[in-house]
Each structure stands twice: as structure tokens, then as C-alpha cells.
Amino acid sequence: MRLSVLDQAPISEDSTGAQALRNSIDLAQYAETLGYERYWVAEHHGTPALACASPEPLIGSIGAVTSRIRVGSGGVMLPHDTPSRSAC
């Protein structure tokens, strides 16, 4: 069975956005060791409890510390994007 992770980068109580992003990177590394196939990073806007408004930087950070797991965006919210970003 192929397994994937969908991460929203939640900010835990008494934590920071930076720590939430670090937790996401750690989770991706752990998921890779468990044999997960894919790691999806969700995009969110205007949600104070979630740290990932733009998935691209987090995708790059996860890709830099993993070697096998496939990393991508779980959704792109076109109304919040610039035309150059949406054309990719």
C-alpha cells in the first residue's frame, strides 16, 4: 500500500510558526524513514493556526533534507497567487 502525508504545518499552543515549520521538516524526514511515498504540503491563507501560506519554501527545505520521498503541494489557491506563480 502506498502511503502519503498531507501536512498543514499547524502551530501548536505555546509554539511559533518557525517551530511549526521545523516540525514539518522533521515529520517529512520521519515519514521517509517509515517508507511513505509522498509528502504533500498544503497551502493556507488567513489561518493563524497554520504556518504555511506559501508551500514552495517549505517544499524546498524538505527536499533538501530528504532523498527518496516525493514532495509537492497539496493545493494551490489561485486567487491568492500572482500570474507568474500560477503559470508554472
Side-chain angles (χ1 to χ4, degrees):
M1 177 185 326
R2 295 179 183 179
L3 298 174
S4 297
V5 172
L6 174 60
D7 186 4
Q8 298 178 319
I11 302 172
S12 301
E13 189 174 338
D14 298 325
S15 188
T16 65
Q19 184 57 51
L21 297 175
R22 180 69 231 172
N23 291 343
S24 291
I25 292 167
D26 292 344
L27 178 60
Q29 289 177 305
Y30 186 58
E32 183 174 53
T33 66
L34 294 176
Y36 280 70
E37 181 175 333
R38 233 176 131 101
Y39 196 90
W40 297 96
V41 179
E43 177 175 337
H44 296 280
H45 298 273
T47 308
L50 301 175
C52 193
S54 180
E56 293 88 354
L58 186 53
I59 289 169
S61 296
I62 290 170
V65 298
T66 58
S67 60
R68 186 200 53 77
I69 198 166
R70 296 176 67 198
V71 184
S73 177
V76 175
M77 310 302 282
L78 292 177
H80 298 284
D81 292 332
T82 63
S84 62
R85 182 172 173 224
S86 300
C88 297

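A quick note: this is a predicted structure, and the numbers were derived from the prediction, not measured. Below, all heavy atoms of this structure are taken into account, side chains as well, without hydrogens, waters or symmetry copies.
Across all non-hydrogen atoms, the minimal contact from A51 to G17 is CB-O, 3.8 Å. In plain terms, the two heavy atoms of I59 and G72 that are nearest each other are CD1-C, 3.6 Å. The two atoms that bring A42 and L6 nearest to each other are CB-CD1, 4.0 Å, heavy atoms only. Of all non-hydrogen atoms in S24 and I62, the two that sit nearest each other are O-CD1, 4.3 Å. Shown here for A31 and I69, the closest heavy-atom pair between the two residues is CB-CD1, 4.1 Å. Shown here for V71 and T66, the closest heavy-atom pair between the two residues is CG2-OG1, 4.3 Å.
In this structure, V41 and C52 have side chains that are in contact, with non-hydrogen atoms separated by less than 4.5 Å. The shortest distance between side-chain heavy atoms of L58 and I25 falls below 4.5 Å.
For the pair E32 (side chain) and S67 (backbone), a donor-acceptor distance under 3.5 Å is present.
The local environment of CZ in R68 is crowded, with over 12 non-hydrogen atoms from other residues, nucleotides or ligands closer than 6.0 Å.
Atom-to-atom distance recorded for T33:OG1 and Q29:CD is 9.0 Å, nearest 0.5 angstrom. One finds the OH atom of Y39 at 11.5 Å from the OG atom of S4 (value rounded to the nearest 0.5 Å). Taken to the nearest 0.5 Å, the CG atom of D7 stands 9.5 Å off from the CG atom of L50.
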